[in-house]
Participant: 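Please find one structure pasted underneath; my questions will follow.
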Amino acid sequence: MNRVTLAQSVLSMMGDADQTLWSRADLYAYIQDGLLDFQRKTLCTWKRVPLNDVADQATYTLPEDFYQLDRAEYDGWRCVPVNPRNQMAGNGAFETTGGRPFSFMMSGDGFNVLRKVGVPTEDSTDKFWIEFFAVGPTLDDNTDIPLPARYLRYLAFYVMSQAYGSDGDGQDLKLAQLWADWYGRGVEMAKARMNAFARRRVARLGRDRVDPSRMGRSPGTLPAWYPVVR
Amino acid sequence: MSDFAALVADVRRKLRGDDFWSDTDVADAINATYFEVCELSKCYEAQSTLILLPDQTYYDLEDPNTPIRASSSTPYSVALEILRVWNPVTSRWLDARSVSEMDMERPRWGATYGEPDLWIPRGFAAFGIYPKIASNPLIVTTTEGTASGVFDPAVFDALIFDAAAGTPDTETSASTSYLVISHTAIPEEMTADSDVPVVPLAFHQMLTDGSVAQLKGLEREAKAAARYFTAYQEQLEDLILHCQQRTRRSRIPVIGARQVEARR
């Protein structure tokens, strides 16, 4: 489903198919905001894409929809995120030292830029991979909204909440809150789905109920020993 | 109430015979609530068969192009929570690992080939396996002919799947690798009057309360919608607890320990 179809459906649900109270442009903006908000809160869009090596190139611009890195690997080996200060102390020429990029850094080169530590010495394809949570893309009339179909309902609730909350003749703050609550339920549902998907259901001796707090971490967070790279 | 017709009738009753909403609107509201309830409570469990592709580690369980089919006559329903995974080729259950455990225990695990014995959840719906298979399981010889190449549902459903059993045809070669996944799922949409929801009978009223809340909200009756929404939420929390605790713990007291507390 694209934004045109969704906007039409929402206008119909709100009884404003002739766009007297809310314009289609307003709804497009709410749909875009809602998509970004849903993806950001639930991390429901996970991608694995190659960041192909270019000879003698150290920095690489990340995809436009990149939000949070989950993992990187080179030639099947996990790449370690490194701290700039440690690199500066250990190897002052890390920005130009050639080699295989078994480490990376995401600090100091731009917000959406990844620096491979071990500057590739030759071009390669499908060797360096990044796995990340995506937010986006910017929707147009032809782009399908990148959410599972059953979650589009909650996106519609978000749009209605924003529409009823906006100033104008159609404002109804109680309805805005009602639909915001229901949208929030959808967000919690998606978050619970991801945590459940990752949970290992191994019962422990002496305990007949699985305690999620003792299970493996949700894949939405890096392990504690990962240095924070911003 | 028990079946779909009864649910529709109950929604109509709560709407006070309001003719504003068509039967389709009411049915859509009930099914939307039904799907939400099943996803949140995980009350519906199913089994599916995943055909493994050569040199592929991750399978997106939400992607309709993923070669996964239900192990029954009903269509595949997206897997929510994986319960257990069986490899019929090795006759072993797959254990789960997080990706950080894999990185620590098995360097370069993504480049290892073999019959899967571990599964790794990634992101929202990516199902990873270790090791991945190397040989092309899609080159199969059956009584219907030979098929190979990229998975094409139209071609392989006929060749590979025995629709009745939901498993690869008995004529397929031994190189076919597949996994049987038990998982919670979202059930089929209710359409016929006689369709019965998988939700326990004690919680059917929740389906109508949730539907009425949505319809009242669309009618711009915020107070009425909030009232039904609150009732729906309370029942949903009870159902979630019920699904987690339906195997009752024995109330046999142990000397020196306090008695097991009653559950709702």
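Side chains are part of it too, since the values below use all heavy atoms of this structure and drop only hydrogens, waters and symmetry mates. Quick caveat: nothing in here was measured; it's all calculated off a predicted structure. Chain letters run A, B, ... following the sequence lines, proteins first and then strands; every chain starts at 1.
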Participant: Side-chain contact, heavy-atom cut-off 4.5 Å: F157(A) with Q214(B)?
Facilitator: yes
Participant: Which atoms of L61(B) are under 4.5 Å from chain A, going by heavy atoms: the side chain, the backbone, both sets, or neither?
Facilitator: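 Only the side chain of L61(B) comes within 4.5 Å of chain A.
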Participant: Classify the angle between the aromatic ring planes of Y151(A) and F124(B) as parallel (below 30°), tilted (30 to 60°) or perpendicular (above 60°).
Facilitator: perpendicular
Participant: So which part of Y74(A) gets closer than 4.5 Å to some heavy atom of chain B, the side chain, the backbone, both or neither?
Facilitator: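 When you check distances to chain B, no heavy atom of Y74(A) falls under 4.5 Å.
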Participant: Is chain A contacted by the side chain of A125(B), its backbone, both, or neither, given a heavy-atom distance below 4.5 Å?
Facilitator: both
Participant: Heavy-atom distances under 4.5 Å only: say whether A149(A) touches chain B with side chain, backbone, both or neither.
Facilitator: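 Contact with chain B is absent: no heavy atom of A149(A) under 4.5 Å.
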Participant: One thing to verify: whether E221(B) and K174(A) come together as a salt bridge, which I'm taking to mean a side-chain N less than 4.0 angstrom from a carboxylate O.
Facilitator: no
Participant: Measure E188(A) against the heavy atoms of chain B and call it side chain, backbone, both or neither at under 4.5 Å.
Facilitator: neither
Participant: Looking at R220(B) and M14(A), would you say the former's side chain and the latter's main chain have a donor-acceptor pair under 3.5 Å?
Facilitator: yes
Participant: Among A79(B), A126(B), A226(B), which residue has the highest count of heavy-atom pairs closer than 4.5 Å to chain A?
Facilitator: A126(B)
Participant: Tell me, for L236(B) versus chain A, whether the close heavy atoms (under 4.5 Å) come from the side chain, the backbone, both or neither.
Facilitator: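 Only the side chain of L236(B) comes within 4.5 Å of chain A.
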Participant: With side chains defined as the heavy atoms from C-beta onward, is the minimum distance between M160(A) and L218(B) less than 4.5 Å?
Facilitator: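 Side-chain contact under 4.5 Å: yes.
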Participant: I want to know whether W179(A) and F229(B) have ring centres closer than 6.0 Å.
Facilitator: no
Participant: Between E81(B) and R193(A), is there a salt bridge with N-O shorter than 4.0 Å?
Facilitator: no
Participant: Quick one: what part of W129(A) sits under 4.5 Å from any heavy atom of chain B, side chain, backbone, both or neither?
Facilitator: neither
Participant: Please state whether the side chain, the backbone, both or neither of L175(A) comes within less than 4.5 Å of a heavy atom of chain B.
Facilitator: both
Participant: Is the closest basic N to carboxylate O distance between D70(A) and R122(B) below 4.0 Å?
Facilitator: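 Result for this pair is yes, salt bridge flagged.
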Participant: Are E36(B) and R185(A) packed together at the side-chain level, in the sense that at least one heavy-atom pair is separated by less than 4.5 angstrom?
Facilitator: yes
